[in-house]
Amino acid sequence: IAPASLGIYLIHVHPLVFNNIINNAFVSFADKSPIAMAFFVIAASLSIFVLCAIIELLRIQFFKAIKMNKLSEFIATKMNGFYLKVFEAKANETGSQIIYAQDNNLILSEENRSIDCVYYKTENLYIKSELAGYCQNKNANTILHATYKLKDLGLKITDKDILKGFANVIEATGLRGRWQKVSSHPLIVCDTAHNSHGIKYIAQQLENYSNNKEYSNIRVVVGMVKDKDISTALALLPKNAKYYFTQASVERSATAAEIQKIGLSLGLHGNTYNTVPQAIAAARAEASPNDFIFVGGSTFVVADLLSSL
């Protein structure tokens, strides 16, 4: 029944269900004796739970039957084609050239990756980048395409300029919170990835570190905002980590309890903390010097971490 827990919750609190069916449906219980009232309340609660569980389990089986994951991928592919046509139409309208960086990967390989840097090998350069997140190779490829196009247009950019830009991108731009190391013992890394598209890269990176014998345990301090698909994002994270569910200091944040509830339904276990500093303090207190602590799920969570340093 665990996979249906989130669905049960979402169904019974949905405005259409709550306002039209549940709300005021049990006012008559107030006239009953205490014993009868307790019986009817328990019976009604169980009935709602069972009915919602049946609906959610049927939905899960239906989605499996129609292969919803493949259908979602198909729709996403079709939508990508639509977006490309929008870009192409605008390029034609303005007489601009359009370049799709993903069609020509200038990065031949990644080498010597560490927590806070990665080396990219291109046809004629060996580039050190301060941005070591798994998603950054796509960004690096896009930057290289843009740089070479600017050179073609007459801008004076040397190979030395390119190497310097990649090697000093954080200092030059003030960029913070992208797979940023904030402590060494224990190792603490934060990243502002805040949806499933970004968190899938974080999950891959965490999975690799969880298999690395250099680190004893993986601890994850996580919080998200209400308007994100929290369930899909959390489902990507490693099950073998210890979790510290928290909330950032903004109104948009989902509460730590809400995130924990979704996390538990997905097999992610840990306690709740009302603030990011409290969660990090708890993770530090429980960590050994060889543990790995990741902080993320929301830009606001990372901001609370960095402002507390």
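Position 1 is the first residue of the sequence; numbering continues from there.
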Value for CD1 (I218) from CD (E207), rounded to nearest 0.5 Å, stands at 9.0 Å
Hey, any chance L266 and F245 share a hydrophobic cluster, counting ILVMFWY side chains that come within less than 4.5 Å of each other, even indirectly? yes
The reported gap from CD1 in I127 to CG in L144 (rounded to nearest 0.5 angstrom) is 4.5 Å
Closest non-hydrogen atoms of A140 and F166, given as atom of the first, atom of the second and distance, are CB-CE2, 3.7 Å
| message | Are there over 12 heavy-atom neighbours, none belonging to E251, within less than 6.0 Å of that residue's CD? | response | no
**Prompt:** Taking side chain as C-beta onward, heavy atoms only, is L306 less than 4.5 Å from Q180?
**Reply:** yes
dist M224:CE -> L234:CG (nearest 0.5 Å) comes out at 6.0 Å
In short, L236 meets T232 closest at the heavy-atom pair CG-O, 3.5 Å
Would you find more than 12 non-hydrogen atoms of other residues, nucleotides or ligands less than 6.0 Å from K138 atom NZ?
no
(Q) Run the salt bridge (charged side-chain N to carboxylate O under 4.0 Å, His left out) test on E258 and K261 for me, step by step, so that the C-alpha distance in whole Å, both residues' side-chain angles and the decisive distance to 0.1 Å come before the verdict. (A) CA-CA 5 Å; E258 291 169 336; K261 185 172 184 178; over 6 Å; no
**Q.** V221 side chain reached by Y273 side chain, heavy atoms, under 4.5 Å
**A.** no
Exercise. Measure the shortest side-chain to side-chain distance between F292 and I115 over non-hydrogen atoms and say whether it is less than 4.5 angstrom.
Key: yes
The reported gap from CG in L163 to CG in N168 (rounded to nearest 0.5 angstrom) is 10.5 Å
Margin query: More than 12 heavy atoms of other residues, nucleotides or ligands under 6.0 Å from NZ of K151: yes or no?
Written below: yes
task = Please work out whether the ring planes of Y209 and W179 are parallel, tilted or perpendicular, with thresholds of 30° and 60°.
result = parallel
Between N141 and Q102, the two heavy atoms sitting closest are ND2-N, 4.3 Å
| field | R252 side chain reached by D227 side chain, heavy atoms, under 4.5 Å | value | yes
Shortest non-hydrogen pair, V301 vs A248, comes out as N-CB, 3.8 Å
State, without any angle test, whether N112 and Y126 hold a side-chain donor-acceptor pair at a distance under 3.5 Å. yes
Discussion item. Pair I280, D304 - check side-chain contact (heavy atoms from CB on, under 4.5 Å), show working.
Written reply: CA-CA 10 Å; I280 294 169; D304 282 0; over 6 Å; no
Q. Is a side-chain donor-acceptor pair under 3.5 Å present for D161 with T158?
A. yes
Would L131 and N139 count as a side-chain contact (heavy atoms from CB on, under 4.5 Å) if you check the C-alpha gap in whole Å, the side-chain angles of each, and the deciding distance to 0.1 Å? CA-CA 10 Å; L131 301 176; N139 294 331; over 6 Å; no
inquiry  = Quick one, L155 with L153, criterion side-chain contact (heavy atoms from CB on, under 4.5 Å). Give me CA distance, side-chain angles, the key distance, then yes/no.
reply    = CA-CA 6 Å; L155 200 64; L153 293 173; 6.0 Å; no
Q | Side-chain donor-acceptor contact under 3.5 Å, Y100 with E88 | A | yes
- Query: With hydrophobic residues grouped by side-chain heavy-atom distances under 4.5 Å, do I202 and V295 end up in a single group?
  - Reply: no
When every non-hydrogen atom of P186 is compared with those of S288, the smallest separation belongs to CB-O, 3.5 Å
OG of S129 to CD of E110, rounded to nearest 0.5 Å, is 10.0 Å
One pair to check against side-chain contact (heavy atoms from CB on, under 4.5 Å): S231 and D229. What are the steps and the verdict? CA-CA 6 Å; S231 179; D229 187 348; 4.1 Å; yes
- Salt-bridged, R59 to E56, with N to O below 4.0 Å? yes
Does any donor atom in the side chain of N208 or Q205 lie under 3.5 Å from an acceptor atom in the other side chain?
no
Given side chains that start at C-beta, do those of V50 and I54 come closer than 4.5 Å, heavy atoms only? yes
Is there a donor-acceptor pair under 3.5 Å between the side chain of N217 and the backbone N or O of D291?
no
Any S183 side-chain heavy atom under 4.5 Å of R284 side chain:
yes
Point to revise | Cluster overlap V189 with V222, hydrophobic side-chain contacts below 4.5 Å | key: yes
The reported gap from CD in Q247 to CD in Q278 (rounded to nearest 0.5 angstrom) is 9.5 Å
Q) Among the clusters formed by ILVMFWY side chains lying less than 4.5 Å apart, do V182 and V169 turn up in the same one? A) no
N137 and N105, any side-chain heavy atoms less than 4.5 Å apart = no
| task | Report yes if the side chains of V276 and S308 come closer than 4.5 Å at any heavy-atom pair, otherwise no. | result | no
When every non-hydrogen atom of Q136 is compared with those of R178, the smallest separation belongs to NE2-CB, 4.3 Å
When you group the ILVMFWY residues by side-chain heavy-atom contacts below 4.5 Å and let the links chain together, are Y120 and L106 in the same group? yes
